[in-house]
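Model, not experiment: these values are computed from the prediction. Letters A, B, ... mirror the listed sequences (proteins, then strands); counts begin at 1.
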Number of protein chains: 2
Amino acid sequence: MIDFDKLDKTIHEKGRLSIMTMLASRGEWKFQELRDQLKMSDGNLITHLRCLQKVGYVSTEKELKGRKVTKYLLTRSGKKAFKGYLRLLEQIVEQGSS
Amino acid sequence: MIDFDKLDKTIHEKGRLSIMTMLASRGEWKFQELRDQLKMSDGNLITHLRCLQKVGYVSTEKELKGRKVTKYLLTRSGKKAFKGYLRLLEQIVEQGSS
DNA sequence: GGTTTAACTTTGTATCACAAAGTTATAAAA
DNA sequence: TTTTATAACTTTGTGATACAAAGTTAAACC
């Protein structure tokens, strides 16, 4: 029996799941890129990013030269948590297709 | 790019996801079995089941003889929807491990 | 008839996704 | 050097909903 208590709610929420998936698939994303790709409002996106930062899954890099640009990336802990989350998804897929 | 808009919110919620996974892995489950396995309160479980019934993913069978027992199972539409959901999970897993 | 049991309903609360509007700071234009 | 534009961020409000707890109903067994 799959242990659904282990399902990380921070990652599981649709908006943050999409963010995490993007960050996992490529090193860095600008705020703008995330917003445009995911078609989220500024407020919604930044709230989710803040939430992911607060639990330590995401960090930022600021470009100091040129226009103000913020890049977001997964932390080591974020990568680990996402891996764990994916492992649970795999279990669900496996059990669901049996 | 994965289309997260397609992610079925009815299924995605943790509680209902666990229910759907159980129903997908075995034909029928009694209310009691679901409640005990998933450690949900009566009220919470039935609310999720009602929600799944309302969108047509789950149906019930009542035993008419003996003690009152209700069994829950996936409808054809529920199986189809769950399959679609799993396909999206597979995409996430794939993209996440690239 | 009374008790137990399974399923179900109702009610209340706390959380949270999301949008919209407002704020700040910097860079380019004028 | 004032103005305008832009990117990131904050604040506020609202609606939705997960969940628990307590109450209700109906059938079966004593």
What pairs of nitrogen or oxygen atoms, one from the protein and one from nucleotides 6-10 of chain D, lie under 3.5 Å apart?
unit_1 : atom_1 : unit_2 : atom_2 : d
D:dA7  : O5'    : A:Q32  : NE2    : 3.4
D:dA7  : O3'    : A:K68  : O      : 3.2
D:dA8  : OP1    : A:T70  : N      : 3.3
D:dA8  : OP2    : A:Q32  : N      : 3.4
D:dA8  : O3'    : A:T70  : OG1    : 3.3
D:dA8  : N7     : A:D42  : OD2    : 3.4
D:dC9  : OP1    : A:K62  : NZ     : 2.6
D:dC9  : OP2    : A:Y72  : OH     : 2.4
D:dC9  : O5'    : A:R50  : NH2    : 3.3
D:dC9  : N4     : A:D42  : OD2    : 3.3
D:dT10 : OP2    : A:R50  : NE     : 2.9
D:dT10 : OP2    : A:R50  : NH2    : 3.4

(request) Give a yes or no answer on whether the side chain of A:T75 reaches the backbone of A:Y57 with a donor-acceptor pair at less than 3.5 Å. (result) yes

(request) Give a yes or no on whether the backbone of B:H12 and the side-chain of A:H12 come within a donor-acceptor separation of less than 3.5 Å. (result) yes

May I have the distance from [X] (atom [atom1]) to [N] (atom [atom2]), rounded to whole angstrom?
X     : N      : atom1 : atom2 : value
B:L7  : C:dA17 : CG    : P     : 14 Å
A:L38 : C:dA19 : CG    : P     : 12 Å
A:E13 : C:dC16 : CD    : P     : 10 Å
B:K14 : C:dT15 : NZ    : C1'   : 14 Å
B:M40 : D:dA21 : CE    : P     : 15 Å
A:K54 : C:dC16 : NZ    : C1'   : 12 Å
A:L17 : C:dA17 : CG    : P     : 13 Å
A:K9  : C:dC16 : NZ    : C1'   : 10 Å

(message) Is it true that, when you exclude B:E94 itself, more than 12 heavy atoms of the residues, nucleotides or ligands shown sit nearer than 6.0 Å to its CD?
(response) no

(request) Considering non-hydrogen atoms only, spot the tightest contact between B:M20 and B:G78 and give its length. (result) CE-O, 3.7 Å

(request) Please list, chain by chain and in numerical order, all residues satisfying side chain to side chain contact (heavy atoms under 4.5 Å, CB included) with A:Q53, sequence neighbours excluded. (result) A:R50, A:V58, A:T60, A:Y72

(request) For residues 33-55 of chain A, pull every pair meeting ring pair (Phe, Tyr, Trp, His ring centres under 6.0 Å), keeping only residues two or more places apart or in separate chains. (result) none

(message) When you measure from the side-chain N and O atoms of A:H48 to the phosphate of C:dC18, is any distance below 4.0 Å, counting only OP1 and OP2?
(response) yes

